[in-house]
Amino acid sequence: MSPDKMVRMVNQIATFFDSQPMADKPSAVAAHLIEFWEPRMLEKLSDHLAAGGEGLSDLAHDAAKQATTQTA
């Protein structure tokens with residue numbers, strides 16, 4: 001998967017959860033990533049974060065950090 005497609009997908013997931021009435025949105029996005037993304041995708045996401053996380057929304061970035069930390 002290309003980094004651009006991955007970023008677009010994470011941002012779309014974050015946009016959905018941002019519209020939901022919950023307090024801890026980063027944790028909800030992270031839980032979704034952990035549940036539905038395979039380990040190779042999470043590893044690529046971790047690599048993208050290590051390279052600066054370009055293109056990720058604030059919510060997507062925070063959630064990606066949580067998801068990749070919990071699965072490391």
* Inter- and intrachain pairs under side-chain hydrogen bond (donor to acceptor under 3.5 Å, both in side chains), touching residues 30-41, at least two apart -> Glu38-Arg40

* Would Met6 end up clustered with Leu49 when hydrophobic side chains under 4.5 Å apart are linked, directly or stepwise? -> yes

* Asked: Taking only residues two or more places apart in sequence, or in another chain, which ones meet Asp47 in a side-chain contact (heavy atoms from CB on, under 4.5 Å)?
  -> Glu43

* **Taking every non-hydrogen atom, the tightest pair across Ala30 and Ala63** => CB-O, 3.5 Å

* Structure fact -> Heavy-atom nearest pair, Leu42 first then Ala67, reads CD2-CB, 4.5 Å

* Is it the case that one hydrophobic cluster holds both Phe36 and Leu59, taking links as side-chain heavy atoms less than 4.5 Å apart, direct or via other members? -> yes

* Which side-chain hydrogen bond (donor to acceptor under 3.5 Å, both in side chains) pairs, counting each pair once, include a residue from residues 7-18, with sequence neighbours left out? -> Asn11-Ser57

* Asked: At what distance, to the nearest 0.5 angstrom, does CE of Met41 lie from NZ of Lys5?
  -> 8.5 Å

* Which residue pairs pass the side-chain hydrogen bond (donor to acceptor under 3.5 Å, both in side chains) test with at least one member in residues 19-30, sequence neighbours excluded? -> Asp24-Ser27, Ser27-Gln66

* Are Phe16 and Val7 co-members of a hydrophobic cluster defined by side-chain heavy atoms under 4.5 Å apart? -> yes

* Asked: Under the salt bridge (charged side-chain N to carboxylate O under 4.0 Å, His left out) rule, what pairs show up with a residue in residues 55-71, not counting sequence neighbours?
  -> none

* Asked: Going from CD on Glu54 to CG on Asp4, what distance comes out if it is rounded to the nearest 0.5 angstrom?
  -> 8.5 Å

* Asked: Which heavy atom of Val29 sits nearest a heavy atom of Ala14, and at what distance?
  -> CG2-CA, 3.9 Å

* List in chain and number order the residues that pass ring-ring contact (aromatic ring centres under 6.0 Å, His included) with His48, two or more places apart in sequence or in another chain; answer none if no residue qualifies. => none

* If Ile, Leu, Val, Met, Phe, Trp and Tyr residues are connected whenever their side-chain heavy atoms lie under 4.5 Å apart, and connections chain through other members, are Met9 and Phe17 in the same group? -> yes

